[in-house]
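One structure below.
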Amino acid sequence: MAGRHAGLDLIVIEAEHLYSRPGNPYVGPDGWDWPDNWKRFAALSWVAAELGNGLIEGYRPQLIHCHDWQAGLTPAYIKFGPSVGVKTVMTIHNIAFKGFFGPDVFGQLRLPSHAFSVSGVEFHGGISYLKSGMECADFVTTVSPNYASEICTPEFGMGLEGLLNGRSDTVTGILNGIDTVAWDPAIDKALVQPFSANNIQKRHLNKQEVAKKFELDGIDGPLFCVISRLTDQKGMDLLLEALDGLVALGGRLAVLGSGDEALEHGFRNARTRHPGKVGLITGYNEQLSHLIQGGADAILIPSRFEPCGLTQLYGLRYGCVPVVSRIGGLADTIIDANPAALEAGVATGILFSANNTHALYEAIRKAVRLYRDEKSWKKMQRRGMKSEVSWHNSARRYVDLYTSLIGIQLNDDID
Ligand code: ADP
């Protein structure tokens, strides 16, 4: 099926027997992966490669950009298929999700037998779709420069660091941007009071609304928030450990999220322990996430790893100061309020060592201290609101990458 949306031509694959199901594209309503995900995403990857190979008369793409393991077989189908010169880029959004399946499915993937090898789809005796893409694509990108370096180390590479190191001249990190129209505090309908960097004091009406929704007792003192999957990756267990300290410092906390049952339980307990100081709303609520960003004073992101992270970018844009671990894209996008940065007037948030409850607590303490200096806090908020968080620079980098790859192709042709 073909159509046009937002100025783009779209091709949609219709395969009801694979995709027409309840739940979301990845998991069933019970939250578990579909058992035939290997086939569902092999089909997606196969069709993409077929399009690259000229399936539609008159349509010859020069480059296929594949995202995450679900599209990871496409570069393998291109590499082991007919040689038509189409280039492939593989982008890793989270190396933890490898799309790993047993060797038994190989026979049904329509790949030649020699593709089941180290230079193909094989990974630890089975098949990893992500590894396939990383191995076979012409170029590998990930979503921040810092994460691109981190995944070349055993600590973050999750077994794929060797592959990345072996092709380091064709691996790079390009930051994600955000939709600055959907996320514009001056016109955002999810806010009770829109605002801009010039009238940041108006945020307090949103803060009042957040406090009301989370049943917090007033808005004196700093209001911290979390908008996140509740998982260990996001460091939510560390936050639970630091939470009593946050409250003792005079802070309040609004948590919007869902995920691990044990962590949800932990936040429910904290709410009972600290009525009026800690609020929890479970589930996924996009509108509410806008209101929180527009009302809370600071957003806590204590991730253990974070390929890019979006919530700190929304936080910057909405004057909700990011307090984040010094990791992945968080470290690439936030300027820590250290003495030099404060002196130079460039700080946009607070950074602390990842995977360290004490460091998280100290960062919260620092945020509380800075918050009490109203003038410099507002300055930090304004600077964040003026940070470049759009796709502008990153889109340019993707265009440069595409043209250099297609250029290489032209040179190859000339040779
Ligand atoms: P990840 O993709 O690892 O979950 P990111 O920070 O890159 O983390 O992106 C998370 C996105 O999901 C953000 O847009 C954030 O606002 C949104 N989000 C996470 N949890 C919720 C929730 N409970 N309700 C609404 N939005 C949420």
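Here, residue 1 is the first one in the sequence, and each next residue gets the next number. Computed over heavy atoms, backbone and side chain alike; hydrogens, waters and symmetry mates excluded. Just follow the structure's listing: the first ligand is 1, and inside any ligand the first atom is 1.
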Distance below 4.0 Å between atom 4 (O) of ligand 1 and any protein heavy atom? yes
Ranked by distance from atom 8 (O) of ligand 1, the top protein heavy atom is K234 NZ, 2.9 Å
Which residue owns the protein heavy atom closest to atom 16 (O) of ligand 1, what's the atom, and how far is it? T311 CG2, 3.7 Å
Result for side-chain contact (heavy atoms from CB on, under 4.5 Å) between C320 and one of Q381, Q293, Q312 points to Q293
Per-residue contact class, H93 against ligand 1 - non-hydrogen pairs under 4.0 Å: neither
Going by the rule salt bridge (charged side-chain N to carboxylate O under 4.0 Å, His left out), which residues pair with D400 if we only count those two or more places apart in sequence or in a different chain? R396
Should Q233 be counted as touching ligand 1, given the test is an N or O pair under 3.5 Å? no
For ligand 1, is there an atom lying under 4.0 Å from some heavy atom of C308? no
Quick test of your reading of the model: are R252 and D220 salt-bridged, counting only N-O distances below 4.0 Å? no
Counting each atom of ligand 1 from 1 as listed, which ones have a heavy atom of G257 under 4.0 Å away? 23 (N)
Are any of the N or O atoms of L310 closer than 3.5 Å to those of ligand 1? yes
Just need the protein heavy atom nearest to atom 23 (N) of ligand 1, so name the residue and atom and give the distance. G283 O, 2.8 Å
Pairwise side-chain contact, N24 with V27, heavy-atom cut-off 4.5 Å (strictly under): yes
Look at atom 27 (C) of ligand 1 and say whether a protein heavy atom is found at less than 4.0 angstrom from it. yes
Per-residue contact class, P307 against ligand 1 - non-hydrogen pairs under 4.0 Å: neither
For atom 12 (O) of ligand 1, what's the nearest protein heavy atom and its distance? Y284 OH, 3.8 Å
NZ/NE/NH1/NH2 to OD/OE distance under 4.0 Å, D188 and R317: no
Test: K131 and E122 ion pair at under 4.0 Å: no
What I want to know is whether W183 and ligand 1 share at least one N or O pair that is separated by under 3.5 angstrom. no
Less than 4.5 Å apart, side chain to side chain, heavy atoms only: is that true for T172 and T142? no
Taking both backbone and side-chain atoms of N285, is any N or O found less than 3.5 Å from an N or O belonging to ligand 1? yes
D244 bridged to R273 by N-O distance under 4.0 Å: yes
Quick one: nearest non-hydrogen protein atom to atom 14 (O) of ligand 1, plus distance? Y314 CE1, 3.2 Å
In plain terms, say whether D36 and R21 are close enough for a salt bridge, that is, a side-chain N and a carboxylate O under 4.0 Å apart. yes
Between K366 and E362, does at least one N-O distance fall below 4.0 Å, as a salt bridge requires? no
